[in-house]
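Everything below concerns the one structure shown next.
The figures here come from the full heavy-atom set of this structure, side chains too, leaving out hydrogens, waters and symmetry mates. Below, read A as the first sequence line, B as the second, and so on, with proteins coming before strands; counting in each chain starts at 1.
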Amino acid sequence: MHKIVSRRVLGQRVVELEVEAPAMSKKAQAGQFFILRIDETGERIPLTFAGWDPEAGTIMMAFLPIGKTTNHLASLKVGDSIRDIAGPMGEPTHLEKYGHVVFLGGGVGTAEALPVARALRQAGNKVTVIQGARNEDLLMYEDELAAESDQLLIATDDGSKGYHGFGLDLLMKMIEDGEQIDMVHTIGPAIMMKMTAEKTRPHGIHTVASLNPIMMDGTGMCGACRVMVDGETKFGCVDGPEFDAHKVDWDLLMIRQTTYKPEEEASNERFKKIQEKGCECEPASDPDSKVKEVAGN
Amino acid sequence: MSDVSNNGGAAKPKPSKLNPNVVPMPEQDAKVRAGNFDEVPTGYTMEMAQEEASRCLQCKNEPCRPGCPVEVPIKDFIGLLRDGDPIAAANKIKETNNLPAICGRVCPQEEQCQAPCVVGKKGDPVSIGALERFVADYQRDHGDHDAAIELPESTGKKVAIIGAGPAGLTAAADLAMIGHSVTVYEALHAPGGVLAYGIPRFRLPQAVVDSEVEMIKKLGVNIEYNAVIGKLFTIDELVDELGFDACFIGTGAGLPAFANIPGENLNGVYSANELLTRVNLMKAYQFPEFDTPIKPHNKVVVLGAGNTAMDCARTSLRLGAEVTLVYRRSEAEMTARIDELHHAKEEGVDFQLLTNPVEVIGEDGWVKAVKVQKMELGEPDDSGRRRPVPIPDSEYEIEADAFVVAIGTSVNPLVPNSTKNLDLNKWGYILADPSTGATSKPGVYAGGDIVTGAATVITAMGAGKDAAVAINRYLGGPEPEVAEPEEEVGTA
C-alpha cells in the first residue's frame, strides 16, 4: 500500500499526487515510469515519474483525470492509499552532453519534464522546455520548469496563455530562426510526437520520443506494448519507453492505442455513474465536492 | 467443498480382483463448461478416492516415486488415504511438496509418476494426480490446512527469492521450514507466477492457489509484491546492501515469442501471455466489475500445440468466440497433455493441424483473417520430429478477428542483464548446475524456466527444491530430515 501524502491541483485540472514508495524513490531515474493499480479490481496503468524525493521516501505523479483509472485516482485524498505501484520500469533517458536540448511536452506529457530537464541540464546541456497545452487550465509546473530550465516557452492551442498555437510551432520557429538545436526530447500525444518527428527529420536533429503504448505488466511479459522501431518489433516497457522518433512507426502506435477505446469509455461512464450515486462498492472514492469538480469537468 | 460422506471411516476391504480401470473423475458437461470459468473436473468423493487408492499395489520398491521431480512419498500417502486418513495422507505429501493441490491438477502425471506404475502395465495406472488433488482439497476444506506447521528455530540467515512462482515458492517454503528467514520478491501484484497469470481458473481455481500460498506464508515466508528485481533492486544490491546471505532466481518464462509473419502487430493479435494475463490475473472476463478489458472476439485463431495453446483456445471459447487452433505438425507432435487436448476438442475447438499461418490479414488496423498454408511431414529434423514441409498452392484464409500466438517465450533479460558475473547460455538463460541450481556467482542459485526455458510447474518446483537443499548447505544450515515422520520435520 502506498499512502498519499500530498495532493495538489496543478494549474486548473492536472492532479499531482505524492505517494509513499521508499525503495522506488531511491531508484527512479529521469524518463522512467511506474505501473499502478489503485485497488483489487483496478487495471494496471503506466505513468511516467513526475518526480521523487529519496529523503521523504516518496514519488510524484501528475495526470489529467480523463479515463476511469485517472478519474478514480483524482478522487483519492491525502491519507488514502494506492494498492500497488511497481517500478521503476523502463530504460531511463539517455544522458549525454548534446549542447542545446529542447524538451517539447504536449498536454499531460509535460508531467515528466521536471526530472528530464534537470537530468539533461546536469549532463551539461542547455535546456529549453516548450510546454504545449490545449488551454491555460491544462498547464503545469510553470514556476518549477522556469527554474529548472534555461528557457521555458508556453503555447496554448486557444491562445489563453503564451504563444497562440502548438508547442511544435515554437520549436519550428527556433529552427527557422537558425537557433542551434542538438537534440529534441518529446513526449505527449502520439500525433504530436509524429508531427515533431516529421518536422525535425529534414533538419537532421536527433529526436527522442517517449512512447505511451498500452501496457499491462510492464516487465516484458505480455507484449501488449509492442511498437515498430526501424522495422523491428520492440517492447515499449523494457526496450523503451524512449525511442528514436524518426524510426518509430507512428501510425501503428496510434492504431494500437485505440484497441480498447469503447471498453475504456464504457468503464469511465460506469465509474462516473457510480461516483454520482456514491455507491458503496467504491469505498476509496467517496465523492467530495472539490474532487468532483476536478474529475467531472 | 468435496462431497465427502465418509470422514475417517474404516478402510474399504481390498478388492480381491484388481479393477483395471481408473475411477473416472466427474467433470462438468462440455457444453456447460465452455460457457463458464469454473473448474472442469469436479473432484473425487471420499468413496471414489478410496476406491482408486485401493487399486494401488503398494509396491515395496516404489517405482512411481522417482518419476516425481520432488519425490512425493506416493505409496505412503495412497496407503494412508486407502486406510481412511486423507489428512495424514496430505501431510505425508507435504513432506516433499508444498503445493499438492496445484500439482494434483497441473502436473503431467502420465509422463511422470504414473508412467512407471505397475498397475498401468495391464490397465490404467493409478490416478496419482487425482488422489493428490483429493487429499490436498480435503485438508483445505476441512480446516486442517496448517495444523502440522511448527516453526523451526531461526538460523539467522537471510535468503532472497526472486519470483513467487512454482520454483520460488517451493524454494521459499523449504528454506523457511529449516529456519532461514525468507523474503520473496515478486514483480506482479499477486503471488503464483504462472499459476496466477498463466494457468486458467477452470484448470486451477484461484482459491487453490490462494490457500497454498497462505500455507507458505504461515511458514514465515515474507512476500514483497510489485518488486521488480533488476529495477528496484539488483541481485548485487540484495546481497551487498540488503544483507541477504543467498539468493534464488526463479523469474520464470520471459518475453513472448511471435511467429514473425506479416500483420502480427495488428489490433486483435495477442501473445498467449497477454490473453491469459488479462483473463486470469486481471480478471478481464469480469469486466467491467474489474477494470481490465478484453475484446469480445467472435472468431479466434490460436497458434500453438502446447498446454498454453490449449489454455488460450479454451479461454477464448469461454469468452464467447469460435476457436480454431492451427499447428504446422500433426497431433502426434503436439506437446499438450492428452487431457488438455481432449478437453479442448470436447469443448468445441476446431483443430486444423498440418496448417501453418503465413500472414495475419488486416482491415483498418484490425485482424480480419489469418492466411494459412497446408503442410506435410517430411524427414525428421534436429528435434527428431518429422519436419513440416509446405504444400505448394495450398494457402487459404481463416476468417478471424483475433489471432493468439502461443509458441513459447524467450528469456526476460531484467535479472540476467542486471547481475554482475552471472554466466548465461547463448540464448540468455542462466547457467546453473542441474542438481543444485548453483550459478557462476557464489551464493546465487537459479531454477525453473529462467534456467531451462519453458517447462512445467513441477519441474520448476523440483529445481526450487534442489536449490533449497544446496542453499541450506551453502549457508551451513541444519540438514532437514525430510524422510522422517512429519512431527520432526524442520525441528532439527
_For the interface with chain A, which of Y225(B), Y197(B), F233(B) has the highest count of heavy-atom pairs at distances below 4.5 Å?_
Y197(B)
*Non-hydrogen atoms of chain A under 4.5 Å away: do they reach the side chain of F287(B), the backbone, both or neither?*
side chain
_At a 4.5 Å cut-off on heavy atoms, which part of I85(A) comes close to chain B: side chain, backbone, both, or neither?_
backbone
_Contact origin within N412(B) toward chain A - heavy atom pairs under 4.5 Å_ = side chain
_More than 12 heavy atoms of other groups within 6.0 Å of E55(A) CD_ = no
*Do T183(B) and E224(B) have side-chain N/O donor and acceptor atoms under 3.5 Å apart?*
no
_L422(B) vs I249(B), test: side-chain contact (heavy atoms from CB on, under 4.5 Å). Steps then yes/no._
CA-CA 11 Å; L422(B) 187 65; I249(B) 304 170; 4.2 Å; yes
*Quick one: what part of L252(A) sits under 4.5 Å from any heavy atom of chain B, side chain, backbone, both or neither?*
side chain
*asked:* I'd like to know if the side chain of N267(B) pairs up with that of T259(A) as donor and acceptor (distance under 3.5 Å, no hydrogens or angles considered).
replied: yes
*L414(B), part contacting chain A, at a heavy-atom distance under 4.5 Å*: side chain
_Region of K295(B) in contact with chain A, defined by heavy-atom distances below 4.5 Å_ = both
*asked:* Given heavy-atom pairs under 4.5 angstrom as the criterion, report whether the side chain, backbone, both or neither of E264(B) touches chain A.
replied: backbone
*Test item: N268(A) side-chain N/O and F271(A) main-chain N/O as donor-acceptor pair under 3.5 Å*: no
*With a 4.5 angstrom heavy-atom cut-off, could you sort out which part of L266(B) is near chain A: side chain, backbone, both or neither?*
backbone
*Would you check if the side chain of R37(A) reaches a backbone N or O of H189(B) as a donor-acceptor pair within less than 3.5 Å?*
no
*Proximity breakdown for F34(A) and chain B, heavy-atom pairs closer than 4.5 Å*: neither
*Segment of R226(A) engaging chain B (4.5 angstrom heavy-atom cut-off)*: side chain
_Shortest non-hydrogen separation from A187(B) to T219(A) and the atoms involved_ = CB-CG2, 4.3 Å
_Salt-bridge contact E269(A)-K273(A) (side-chain N to carboxylate O under 4.0 Å)_ = no
*Proximal component of M221(A), with respect to chain B [non-hydrogen, under 4.5 Å]*: both
*asked:* Please rank A28(A), G42(A), A266(A) by heavy-atom pairs under 4.5 Å with chain B and give me the top one.
replied: G42(A)
*Does K217(B) pair with E214(B) as a salt bridge, N-O distance under 4.0 Å?*
yes
*Salt bridge between K26(A) and E237(B), side-chain N to carboxylate O under 4.0 Å?*
no
*Quick one: what part of E91(A) sits under 4.5 Å from any heavy atom of chain B, side chain, backbone, both or neither?*
both
*Flag the one option from N273(B), L232(B), T292(B) with the top tally of heavy-atom pairs under 4.5 Å to chain A.*
L232(B)
_Counting heavy-atom pairs closer than 4.5 Å to chain B, which one of G223(A), P88(A), S267(A) comes out on top?_
P88(A)
*What part of Q32(A) is in contact with chain B, defined as an atom under 4.5 angstrom from a non-hydrogen atom: side chain, backbone, both or neither?*
side chain
*D364(B), V269(B), T277(B), N265(B): which one forms the most heavy-atom pairs within less than 4.5 Å of chain A?*
N265(B)
*Specify whether F37(B) and Y285(B) have parallel, tilted or perpendicular ring planes, treating 30° as the upper limit for parallel and 60° as the lower limit for perpendicular.*
parallel
*Who among M228(A), E263(A), E264(A) has the most heavy-atom pairs with chain B under 4.5 Å?*
E263(A)
*With only heavy atoms counted, which part of L253(A) is less than 4.5 Å from chain B, the side chain, the backbone, both or neither?*
neither
*Please check if the side chain of D84(A) supplies one atom and the backbone of N226(B) the other of a donor-acceptor pair under 3.5 Å.*
no
